[in-house]
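Below you'll find the structure, written out as structure tokens, and then a few comments.
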2 protein chains.
Amino acid sequence: MRADAMRNRRLLLDAAAAEFAEHGMDVSVARIAVRAGIGKGTVFRHFATKEQLITAIFADQLDGLAATGEALLRGTEAAAGVDTGAGVGAGPAVARGADALLAFMSAGVEAQVGDRAFCQAAGAIARADPQVRRASQRLAAVAEALTAEARHDGSVRDDVTGHDIVLLINAASQATAPLGDTVPGLWRRYLSMMFDGLRPAAAHPLPVPAPEETHFTAAARHA
Amino acid sequence: MRADAMRNRRLLLDAAAAEFAEHGMDVSVARIAVRAGIGKGTVFRHFATKEQLITAIFADQLDGLAATGEALLRGTEAAAGVDTGAGVGAGPAVARGADALLAFMSAGVEAQVGDRAFCQAAGAIARADPQVRRASQRLAAVAEALTAEARHDGSVRDDVTGHDIVLLINAASQATAPLGDTVPGLWRRYLSMMFDGLRPAAAHPLPVPAPEETHFTAAARHA
DNA sequence: ACCTGAACACCGTTCAAGT
DNA sequence: ACCTGAACACCGTTCAAGT
């Protein structure tokens, strides 16, 4: 790839991410091109279709969230190590896994609510793209690990999986969509309620088993 | 309104509802007109814009859900009346309010998941329309009444409002969107989890107060 | 190789001509 | 009054001409 192509690709991705976040994913390609300072045709040289452009940005954001989750996971593991090693100085071990899991979910919801395009993309499209699939799997893996930690705390019921967590993040971000940003932090209310539903105290048997990776790949093919 | 106009309006609404439900809200107006057997221009005689057509259908569906909720509410009230009157023959009074509330939420989610347009409309648009606002308020009122019943049972925490319920219905329907209909009844899993979060047993204090009607009207103006 | 803007097809919306 | 399809503006996508 030539140097100017490289540079244009970056300009394009940045401009597109900003425009999508501000105005939703129906901003015109022309407008994005202007903001990036490149020709309209150049957009389609880098991404065969507008949807593929959205897809690339979406995958990037999922990867960012996965990285956040992995950092949180290292935190709980390190803290656990300290606990078993010395047994002093650390906070209450019983809630650490739950805190990390809630922080992860909060980060996920927060990323979506500030970003109109993310909201819309998360809902429907772009799941077929292998790039997005890979990011999704990484996300589910770290979610599963964080859930396992919280389970060990006894603060999360044992029939909840990493895939459940990813889907609940999605659900929580959509909860307040009808209100726009009229009540800025409102999503925390619903994430809290959902998190209470994850606790063992109120757990009732679930009517349907958790989805497996198979179902996600099947959905990707079907779309 | 002339008789043929009346007839065309009905044909249009039915065709549009079907097309939207099957293919999402980006089906072309031309296609809807063909299915309705009317001219493209006639669509715009009945609804000034495509979005207003969507809005009308959306409001209708919200009204349908409100009616379901009101029927459920009459059911619990009637049952409660029998209970206090005779005190025999009825089922366990303690869970009736909870059952009705869950049935209401299930009906709401079910209506959305089978309907691609409903999903997308619920997410973003059309909240400004007064018709939709009225339907929304009616929905929130019946949700509030059902919640009150469940509270009396002691099966729902007391910091949950009707507006919360409406937003949670929205959230639950979006939860499984990434999976399409790969796992048909999967939404029941997440509605169950959320419902467990509504029970007093696991209730933790919520970080943000419930939204008021004011916020919804403000959001409507802003959109 | 890559960039560009004019050209094309499609879709929402308008409107002049019909009944 | 209401219906209709041709006409318009706009947007995603393509491509011939440039460097």
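Per chain, numbering begins at 1; letters A, B, ... match sequence-line order.
- Base-pair partner of D:dC3: not found among the strands shown (Watson-Crick or G-U wobble, both distances under 3.5 Å).
- Position along DNA chain D of the nearest nucleotide to B:Thr42 versus A:Ala48 favours B:Thr42 as the more 5'-ward residue.
- Note on B:Val43: nothing from the nucleic acid sits closer than 4.0 angstrom, heavy atoms only.
- Side-chain contact between A:Phe216 and B:Thr182 is absent, with no heavy atoms from C-beta onward closer than 4.5 Å.
- Looking only at distances, no side-chain donor or acceptor of A:Glu149 sits under 3.5 Å from a matching main-chain atom of A:Gly97.
- The pair B:Asp196-A:Arg199 fails the salt-bridge criterion, with no side-chain N (NZ, NE, NH1 or NH2) lying under 4.0 Å from an Asp/Glu carboxylate O.
- Of all nucleotides in DNA chain C having an atom under 4.0 Å from a heavy atom of chain A, the first and last in 5' to 3' order are C:dA1 to C:dA7.
- Under the Watson-Crick and G-U wobble criteria, each requiring two contacts below 3.5 Å, nucleotide C:dC8 is paired to D:dG12.
- As judged by a 4.0 angstrom heavy-atom cut-off over every strand, A:Lys50 is placed among residues touching the sugar-phosphate backbone only.
- In this structure D:dA17 sits in no base pair that meets the Watson-Crick or G-U test at under 3.5 Å.
- A:Arg133 places a side-chain heavy atom less than 4.5 Å from the side chain of A:Ser136.
- Partner A:Asp159 forms a side chain to side chain contact (heavy atoms under 4.5 Å, CB included) with one of A:Leu198, A:Asp164, A:Leu206 and no other, that one being A:Leu206.
- A side-chain donor-acceptor contact under 3.5 Å links A:Ser106 to the backbone of A:Leu102.
- Position along DNA chain C of the nearest nucleotide to B:Arg2 versus B:Thr49 favours B:Thr49 as the more 5'-ward residue.
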